[in-house]
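The block underneath contains the structure these notes are about, expressed in structure tokens.
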Amino acid sequence: MNENLFSSFITPTMMGLPIVILIIMFPTLLFPTPTRLINNRLVSAQQWLAQLILKQMMMMHSPKGRTWALMLISLIMFIGSTNLLGLLPHSFTPTTQLSMNLGMAIPLWAGTVITGFRYKTKASLAHFLPQGTPVPLIPMLVIIETISLFIQPMALAVRLTANITAGHLLMHLIGGAALALISISPTTALITFIILILLTILEFAVALIQAYVFTLLVSLYLHDNT
Amino acid sequence: MPQLDTSTWLVTIIAMILMLFILIQLKFHKYSYPLSPAPKTFKSTSFPTPWETKWTKIYSPLLLPQQ
């Protein structure tokens, strides 16, 4: 049972070839490059969406922070499209892999921290001590702030992994339960099926929200450091 | 939990780095948002009449001094 349940999270390889590379690169096919002055509907819709997201996200940043605009829009589109594609039946979702999420979170977080250290050294070091702390509490608070700083990338990665994995697992479990219940008691199976539909709607929301949260937090760390 | 099987981590991370930092950014850096085209204001050109009214009035054939 355990083996069967987690089998959708095994990195797909076909006869030793890592197809996971193709699966991760698949969303690029869904974003065509604009080549004309007036583009077709798909490209125009995506440009409009990108502009909407950019305006919303980049408003709060200084000009230094706005140099990260391309990175952040790529991040949110990548995570959003990957999560949504993972909701198709029998598909593999790369964002369930802790490796990939750690690989996204650590370099981006480190980039924001190093940017802060290079350009505003005193201000970024000052983040370790909130204003107005009583003097005896200072050593403990510096330790706490350091721990909370270093846990940021871990939290980013594990949050995304756990949310998407948990959602997929729940869908597997409830779907399996609904299927098994059909022969035993069709009414209960119907109720379970309705729960499954509600869960799927939730998963659509979660897919998008997780992308948004990831990007928002990176943008927040950036704002602190520019 | 299959996510903790580190044998596949290298491939996944490299593929993701390639995808996120190169491929997707190549797609998105081509997006351009030009300003909406606004019409240019032309100076109101005075259309020169092919002849001056005064000139016509003086030099019209019937007004020339009779030969």
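A, B, ... follow the sequence lines: proteins, then strands. Residue 1 opens every chain.
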Flag yes if more than 12 heavy atoms outside A:Ile38 fall under 6.0 Å of its CD1 atom; otherwise flag no.
no
With sequence neighbours excluded, tell me which residues meet side chain to side chain contact (heavy atoms under 4.5 Å, CB included) with A:Leu88.
A:Leu85, A:Ser91
Between A:Pro107, A:Pro34, A:Ala69, the one whose heavy-atom pairs under 4.5 Å with chain B are most numerous:
A:Pro34
All donor-acceptor atom pairs under 3.5 Å, backbone and side chain, chain A-chain B:
unit_1	atom_1	unit_2	atom_2	d
A:Thr11	OG1	B:Thr8	OG1	3.1
A:Phe31	O	B:Lys27	NZ	3.4
A:Gln46	OE1	B:Tyr31	OH	3.4
A:Gln47	O	B:Tyr33	OH	2.9
A:Gln47	NE2	B:Ser32	O	3.2
A:Gln51	N	B:Tyr33	OH	3.4
A:Thr96	O	B:Gln3	NE2	3.0
A:Thr165	OG1	B:Gln3	NE2	3.3

Would you indicate whether A:Phe193, at its atom CZ, is surrounded by more than 12 heavy atoms from other residues, nucleotides or ligands within a distance under 6.0 Å?
no
How long is the gap from CD1 on B:Ile24 to CD1 on A:Ile73, to the nearest 0.5 Å?
10.0 Å
Atom pair CE/CD1 of A:Met100 and B:Ile17 - distance to nearest 0.5 Å
11.0 Å
Listed by chain and number, what are the side chain to side chain contact (heavy atoms under 4.5 Å, CB included) partners of A:Ile21, not counting sequence neighbours?
A:Pro18, A:Met25, B:Val11, B:Ala15
Inter-residue atom distance B:Leu23.CG - A:Phe78.CZ, 0.5 Å rounding:
9.5 Å
Does any backbone or side-chain atom of A:Pro27 lie under 4.5 Å from a heavy atom of chain B? Answer side chain, backbone, both or neither.
both
Would you say that more than 12 heavy atoms from the other residues, nucleotides or ligands in this model lie under 6.0 Å from the CG of A:Leu198, or not?
yes
Tell me, for A:Leu102 versus chain B, whether the close heavy atoms (under 4.5 Å) come from the side chain, the backbone, both or neither.
side chain
With sequence neighbours excluded, what pairs up with A:Leu170 under the side chain to side chain contact (heavy atoms under 4.5 Å, CB included) test?
A:Ile174, A:Leu199
